[in-house]
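Okay, structure first, notes after.
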Amino acid sequence: MRSPIKVILSVFVLAGLFSINGTTDTKDIAFLFKTNGKVEIQQNGSKLWHGAKRGFRLNSGDKIRTGDNSLAALLFTDDKSLMKIRSRSDVIVKGERKQASIAKSIFMQVGEVFISVKKQRSVFRLETPTGVAAVKGTEFYGQMDEDGKFTILGISGIVELINKYGSVLVKAGEKGISTGDKAPQSQKAAPGDGKTWGQEGDNNEPQYDELEIPFKDKDGNIRTLQLRTKVKGKK
Amino acid sequence: MIYDGLMMKNKWLLLFGMVFCFTTISFAQPRFIYNPVFFARADQPIEISIRIDGNVSASDEMRIYFRTKGNESYDYIVSEKYGEEFRGSIPAQSASVGKIEYFFTFLYGGNIYTLPESNPYYEPFEIQITPVEPGNTITVRQPVSPLVAKKPRNSGNLLSLSTEKYLILSPENEERLMGEDVVIAVSLFFETGEIDIYKTKLLLDGRQVKPELSENLITYVPPHISEGRHEVDLNFIRSDGKEYEPVRRRFQVMSARRGGMVTLPFVSGASGNIYAESRSESYSGIRQNTNLTGGRLRGKTGFLHYGTRFYITSLENKNFQPRNRFLFWVEAKFFNLYGGDTSPRFSELILYGKRIRGFNVQLNLKLINFDFVMGQTYRSVKGISLNQLIIDPATQDTSYYNPATGDTVQNPISRYGTYDQNLLGLKVTFGRRRGSHLGFSAIKVKDDINSIQSGLKPKDNVVVGSDLQIAMFSNRFRWKTEGAFSILTDDISGGSLTKSNIDSLTGESIPFDPADFEKIIVLNTSTIPINPATFSSIAFTGTLQLRLLRNALTVKYKSIGAAYNSLGNPFIRKNIRGLFVNDRIRLFRNRVYLNLGYEKYKDNFSQDDGKPVLDLETHQLGINFFPGNGLPNLNLNYKTYQRNNGVAVFDNTSLNSVDERENNTTKELNINVNYDVRLFNLRHNLSVNYIKLDKTDALQGSRMMMPNFLPVAINNDIQSFSLQTRYQIPLRTTVSYSGNKNSFLGGLNLFEFSSIDARADYSMFQEKLNLYTGFRRFNASGGTQTNLPGAAYLGSLVIKYDKTQFNVGARLILKRKHQFIIDLTSIDFKDNGGYYDADNQFVVNPSFKDYMVRFRYELQF
């Protein structure tokens, strides 16, 4: 039996260490890189919502919500991972700093996000009530609708979509769906999928001319190649 | 200069004209004070500033016409007037443009003056676009270049800094972004004791700013940042006070019109600005008040992009062409609609950027595209009667009437009016507008003869043409050819001829009745060409552009017939054919750019007027040298321009003889040295320019044998330098000097001026308040002489004056949206110059104390 005093001391020491970690390693995990429209923050531990502009620093546990035609783009401070939070979204940003990296966990109650992780230094997870997307160096869209349907669209790399019934790997050009009542599924994304996801509010996105070229693959299936060229302003 | 033209006139008339001109000019003609811009950096707007000596009124308008060298058509901007100074900004050009040609037109007291005075459309100023220095390459894409960690030359006392210790999150190196998107953010990975975070210095453009600091992150959001290039320097300090080697990052802030929007509260998803400005000024004893407002808005709703621009000024006057401007547009995938003051572009030969007040509709159906335009190119302006002209002193409106009858007086006419002129155009393009395509265009432009009474030669014009473009290999190969045919009826006031008219005139029966075609085009004796079979109204161009093996080569051949006329693009030089070749070569890892140019044209090749063909030949060599390693950049350009019509003999036996001989060569040397240097821990930019121009007449010796000859020789000698310094405190100073010596007519006309400028800008409250003050001292001297025998002073001008100018101002930014500017200028103008009157008495020009007060408010949303 350990002496109660040692146990109590150990608890206090651990609690102290934890509190130190809690105050230093979860601060400044990201900052608002760009805001359009209505972007509000509820800081961890506070019940007040207040407006936020570019440059605002985010600590772990801070909540972000966006209004109609709005956008919040944030950069994580360890590896420049980018997350764009689209209109009418509700997101909690969590992160824990470990040396030079931050383990990131985003909880999205509802809404749409675009995530780009190019030089991943640590874990990056997008959690929703009906599924979790574990990111492995990728770009993807994530959409959580009010009916509990969690959809991701892979742009590049691989995303693992997980719920309590199982998991599935979603690759570039695929769409993964998790509804919370069965194992997640993936399928080929149809042309145009994700095209209109939450474009409102993100007015700085470049405009493109699009060219669609149908062709037959080796199995004889008709497929479509989409080419996009950036359009310069005309007037 | 205008004297080139005078050379061709009768010598006695010329002499009389000289005397008359000099005395008249002394009262009426404005004098341009301009140090030409010869070099400009790629991807940056080209700021042009020109001053006018003279009684400049608020209604005077200075336009800057510009085009890419080798193109047929000019665009123009209307410069903004600041007292006697006009400022304009030619849009940023890419390095591939090579050269920009430009000239000024100045609407002054109802007359138009140009700079260069002679042949401005065809012999304009040139600006060499210097590529961005290697390592400063601007890219719109997300850059993947490594962090820029600039190591000072003397870094022995500085601690080395591993790039693993920090990560610049924003901005990306050489990133282009909007001012409202700028965030400076640096993530830190230092161990305890490796850094004293609170001693860290963040400098923006050499000025220390106050960022938000924590052990993990440095962030700074500039409250206001100007358009253009910027530098961020980060100096980390260790706990023991030792300094790490600094980190530098560059970025560029773009203007709002290039895109980028923030949310407009009352129009969802839109952005823009609205401004209002009021000026009160007194120049040369004339007081003027001007008010203007303007704005722009862009937005998107669903699949539609929309926007509007407007500019409203109190200078709008029905006696001139519109100065107010407005435009709205809606753009979608398959169609674009532009309404208001549009600038449609069909082809360079037919319609290219001319302002048309009306509608432009584009249908984009991928393989076939339609472009339809309808609107007014000129609005009607009444002519002015000479004998009963009344000017309303308040509005400057003019009116005229016959007091005897109460009717409008139509003759004699002091100034002819302008007809309403309407344009209708259609272009059909097969293929992609920007890529390979075949297009067919047609326009009809016609004056409305019923719109005014005191007009001169109302016109009717039809132009048809086609253009073919083949672009391949990511546009590394581009071939473009255009052809057009025009018919112009120079005077439709009498209507169309009928078949019976022509039959009776020619004595033969023609197979059609021209009156049947009157709705398409009015045909009469003023129709050009009279005989289309001569092909004199045909124009065509062929252009090859190649970008390969470090070369950017352009070869263009053009032939524009003497009778070719498009009122949709009236600036096309006619009756000329020849070759244009230009090559820009990148060498030594883009440290050296070599520009080689050659042009050979035959002007007046048709000789319709019986005058000789004029051979024009230009050779050009330009070098941009970017040595790097902290050394100055050097830009050099040398050009020779020769005009020779091959006429060797002048028969002066008759008083009506005209000396048609032309054989002159212009040599022009431009040198620019630009140096970014750190001295005394301050950041400086030193710029030195030298310009030398000599125009020599190969026939001067033989002309001197004749009495009262006028030489054509011109000599210009211009030097200037400026030193801009940024201090550790938010202070920036600029000191500059320029000297300009001009000699025209072989020294008969001299103009010399110098100016010294000093300016200081100081920012407070995180750049929310900017205070500035400036001083300028300007001296001018020179004059004109006449070689009229026995009247050494008659008509001579003496230029001798100085101006001392003080300027103070402030700019206040509130809540990042509201900007207030107030600007006060005072000028002490002492003139000791004057002219000799008919009694050989010297008349001294008056002196003035001038001022200008300007207030501006701008809301950005």
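Proteins get letters first, then strands, A, B, ... in listed order; numbering begins at 1 in each. Here the structure is a predicted model, which means the values were calculated and not measured.
- Within a 6.0 Å radius of CZ in Phe335(B), other residues, nucleotides and ligands contribute more than 12 heavy atoms.
- Considering every non-hydrogen atom in both Leu167(B) and Lys80(A), the closest pair reads CD2-CG, 3.8 Å.
- Once rounded to the nearest 0.5 Å, the distance linking CZ of Phe56(A) with CD of Glu212(B) reads 9.0 Å.
- Highest contact tally toward chain A, considering only Val183(B), Leu188(B), Leu169(B), Val221(B), is held by Leu169(B) [criterion: heavy-atom pairs under 4.5 Å].
- Both the backbone and the side chain of Phe33(A) come within contact range of chain B, judged by heavy atoms closer than 4.5 Å.
- Atoms CG and CD1, on Asp28(A) and Ile218(B) in that order, are 11.0 Å from each other to the nearest 0.5 Å.
- Contact check on Arg97(A) versus Glu215(B) returns no salt bridge, with no Lys/Arg side-chain nitrogen under 4.0 Å from an Asp/Glu carboxylate oxygen.
- For a residue to count as touching a neighbouring chain, one of its non-hydrogen atoms must lie under 4.5 Å from one of that chain's; by this rule Val182(B) touches chain A with backbone and side chain alike.
- At most 12 non-hydrogen atoms from other residues, nucleotides or ligands lie less than 6.0 angstrom from CG of Leu367(B).
- A pairwise comparison of heavy atoms in Asp78(A) and Ser187(B) identifies N-OG, 4.4 Å as the closest pair.
- Minimum interatomic distance between Ser214(B) and Arg57(A) (heavy atoms only, all atoms of both residues): OG-NH1, 3.0 Å.
- Other residues, nucleotides and ligands contribute more than 12 heavy atoms inside 6.0 Å of the NZ atom of Lys165(B).
- Considering only heavy atoms from C-beta on, Thr77(A) stays 4.5 Å or farther from Asn216(B) through its side chain.
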